[in-house]
Amino acid sequence: MGGRILIVDGIATNRILLRSRLGAAFFQPSQAVDGADCLTQIPLLRPDAVLVDANLPDMTAADLIERLRANPATAALPVIVLAGAQGHAERLASLSAGAEDVLSKPLDFETLLARLRNILRTRAAQAGPAGQEGMTFGLAEAGAEFETPGTIAILTNRADHALVRRLALSRAMSDRIIALTPEQAMSRESGPADRFPDVYLIEADLCGAGGGLGLMSDLRSRAETRHAAICLERNVEMQPAPSIAFDLGANDVVNSQVPTDELALRLHNLLRRKQAADRVRASVNDGLRLALTDALTGLYNRRFGLPRLAAIAAEAEETACPYAVMVVDIDRFKSVNDRFGHAAGDAVLVEVARRLTEGLRISDLLARIGGEEFLIALPDTGLGAAQGIAQRLCDLVQDTRVVLPDGATLTVTISIGLALGTADASGEPATAVLDRADRALLAAKANGRNTVTISQSAA
Ligand code: GH3
Ligand code: MG
Ligand code: MG
């Protein structure tokens, strides 16, 4: 897995050593001699991660991270700080500025490489469908910081340890800290209703040596906890090696003797990053929804409706069950606009869409495919049932007068063309079934409107 890594260090020999190690591991390293040089080079090099010595000639790593965070273009750029083993204050300052990790010197290169692989994997997974983080579907605002409290779960078998940790962390953080046994974590009751923990702090030796890694994989494989952040706590024998934990998907690794202030900062950073990733995912979902739905009625649009119809036809072929296709058109809709105005026309469209939705099953397709024209597809439905449903839809629209925004009311009717797609219709494509439904609709209009007309089978 390649990746552009910018090394920022004031000492040439350090830069050269890091550069050769990263190059040998197939990363693409580049160098900056101090903080100012780093800030100048980032727009040109567009690194995937930055590796910074804690003490640069012109600023501290924490200062540099704060400068990066202040610029929206670099706010999410992962920064790993390399600090002296004794530098507790440096570690805290860097973590509190938002460092992804602070690694102690002398460096364990295996850990560094696994950390970088882990960061690049996470970034690739969080990039939008077009592969560009935050650039698609108007996600620019998705990175905005909202400090909503989250839930952090301590996962241990030792009740005494859980209690001490929980008390200490509760004092240091404003988030909800809970303690869970492995059984509770894997049961669906581990959070109130659908709220599962945002971050898990997992003891490595849960249920025997290496049990924590197993539980981590289990949490990653379940939909409710897949996107949670996981921090693995290593035991006094320092097992497992951090490189293994990172490669298996841990977001952070700490030793069991980690001071509470440092642990709290690390958990805080994990929580904020997880929440930011949640927001990006939600925006992608919103973007997809907006692209596939009609803003006026909230129904699926043509772009979603036609491929979905093809999918229903393909399922029908597999299951050898028939499916029904209807094209619905509002009768004399132009005159609604002409008599009551366009806003009244819109209100009628919204109300008709609502009544059609009400008359269908959740598995049926309903899409607005034209101005006052709707597509309906009923999977696993024969002609008799489809005819009954079509008639019921006509009744639902006609039976109750529609109330317009100004309080006036009017009766609206629809016409429906119905065609049956059969599994054995010598492979008649969905588009051909739709064409037949369209022609049946024209016949319904010619037959006086407010009626259902059935297409003769293609066969
Ligand atoms: P028919 O019974 O034959 O279907 O007659 P009709 O008047 O419904 O058919 P026509 O196709 O002549 O008119 C459709 C009208 O729908 C024309 C257009 O102005 C109106 N329309 C299309 N989209 C919208 C919309 O989003 N809002 C409103 N208010 N009107 C729309
Ligand atoms: Mg029409
Ligand atoms: Mg019409």
Side-chain angles (χ1 to χ4, degrees), residues 286-310 312 324-360 364-378 386-387 389-421 430-456:
D286 277 357
L288 289 175
R289 191 174 49 71
L290 289 177
L292 298 177
T293 55
D294 157 46
L296 179 65
T297 61
L299 297 182
Y300 287 119
N301 59 19
R302 195 180 179 87
R303 196 176 343 168
F304 178 89
L306 296 185
R308 180 69 197 121
L309 172 64
I312 289 173
V325 176
M326 300 180 202
V327 180
V328 179
D329 187 286
I330 302 178
D331 295 328
R332 306 214 187 281
F333 185 63
K334 194 170 170 304
S335 79
V336 176
N337 279 334
D338 292 347
R339 283 160 55 210
F340 301 95
H342 201 83
D346 282 358
V348 168
L349 277 168
V350 170
E351 179 57 17
V352 169
R354 197 191 63 74
R355 292 185 192 184
L356 294 177
T357 306
E358 195 182 279
L360 294 168
D364 298 333
L365 165 68
L366 171 59
R368 182 181 177 205
I369 55 169
E372 27 78 83
E373 209 170 293
F374 304 87
L375 165 67
I376 292 173
L378 311 173
Q387 207 175 350
I389 292 166
Q391 190 52 55
R392 192 177 71 222
L393 294 177
C394 286
D395 295 344
L396 272 173
V397 172
Q398 174 190 225
D399 286 352
T400 316
R401 291 171 72 83
V402 175
V403 182
L404 300 179
D406 66 359
T409 66
L410 81 159
T411 294
V412 177
T413 63
I414 54 175
S415 298
I416 299 183
L418 169 63
L420 198 70
T431 47
V433 182
L434 180 58
D435 276 348
R436 288 196 288 115
D438 253 332
R439 283 198 296 277
L441 172 64
L442 290 180
K445 292 285 183 184
N447 290 342
R449 299 181 170 79
N450 190 20
T451 184
V452 179
T453 302
I454 299 162
S455 157
Q456 298 311 309

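Counting convention: from 1, in listed order, for ligands and their atoms alike.
Atom-to-atom distance recorded for L366:CG and L299:CG is 4.5 Å, nearest 0.5 angstrom. Interatomic distance, L442 CG to N447 CG, rounded to the nearest 0.5 Å: 10.5 Å. Here the CD-CZ distance, from E351 to R401, works out to 13.0 Å after rounding to the nearest 0.5 Å.
With no hydrogens or angles considered, a side-chain donor-acceptor pair links S415 and D331 at under 3.5 Å.
Every N/O-N/O distance between S335 and ligand 1 stays at or above 3.5 Å. An N or O contact shorter than 3.5 Å is missing between G345 and ligand 1 by distance. Taking any N or O of I330, backbone or side chain, at least one lies under 3.5 Å from an N or O belonging to ligand 1.
Rounded to the nearest 10 degrees, the angle O (I330) to the Mg ion (ligand 3) to OE1 (E372) equals 100°.
Comment: R289 engages D286 in a salt bridge, judged by a side-chain N to carboxylate O separation of less than 4.0 angstrom.
Closest protein heavy atom to atom 26 (O) of ligand 1: R368 NH2, 2.8 Å. Closest to atom 20 (C) of ligand 1, if we only count protein heavy atoms, is N337 ND2, 3.5 Å. The nearest heavy-atom contact from the protein to atom 25 (C) of ligand 1 is L349 CD1, 3.4 Å. Counting only heavy atoms of the protein, atom 9 (O) of ligand 1 lies nearest to E372 OE1, 4.0 Å. Scanning the protein heavy atoms around atom 16 (O) of ligand 1, the nearest turns out to be F333 CD2, 3.1 Å. When hydrogens are left out, the protein atom nearest atom 22 (C) of ligand 1 is G371 CA, 3.5 Å; that is the closest non-hydrogen contact. Ranking protein heavy atoms by distance to atom 1 (P) of ligand 1, first place goes to K445 NZ, 3.4 Å.
Among D399, T451, I416, the single residue meeting the side-chain contact (heavy atoms from CB on, under 4.5 Å) criterion with C394 is I416.
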Checklist entry - Checking side-chain contact (heavy atoms from CB on, under 4.5 Å) for the pair L378/I312: CA distance, chi angles, key distance, verdict? => result CA-CA 8 Å; L378 311 173; I312 289 173; over 6 Å; no
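The nearest N/O/S atom of D329 to the Mg ion (ligand 2) is OD2.
For ligand 1 and D329, the ligand atoms under 4.0 Å from any heavy atom of the residue are 4 (O). Annotation for ligand 1: atoms under 4.0 Å from non-hydrogen atoms of K334 are 6 (P), 7 (O), 8 (O), 13 (O). Every atom of ligand 1 is numbered from 1 in the order shown, and the set under 4.0 Å from a heavy atom of R449 is 1 (P), 2 (O), 3 (O).
In this structure, the side chains of M326 and I389 come closer than 4.5 Å at one or more pairs of heavy atoms.
Taking only non-hydrogen atoms, the option from V348, L441, D346, I414 nearest to atom 27 (N) of ligand 1 is D346.
Other residues, nucleotides and ligands contribute only 12 or fewer heavy atoms inside 6.0 Å of the OH atom of Y300. More than 12 non-hydrogen atoms from other residues, nucleotides or ligands lie less than 6.0 angstrom from CZ of R354.
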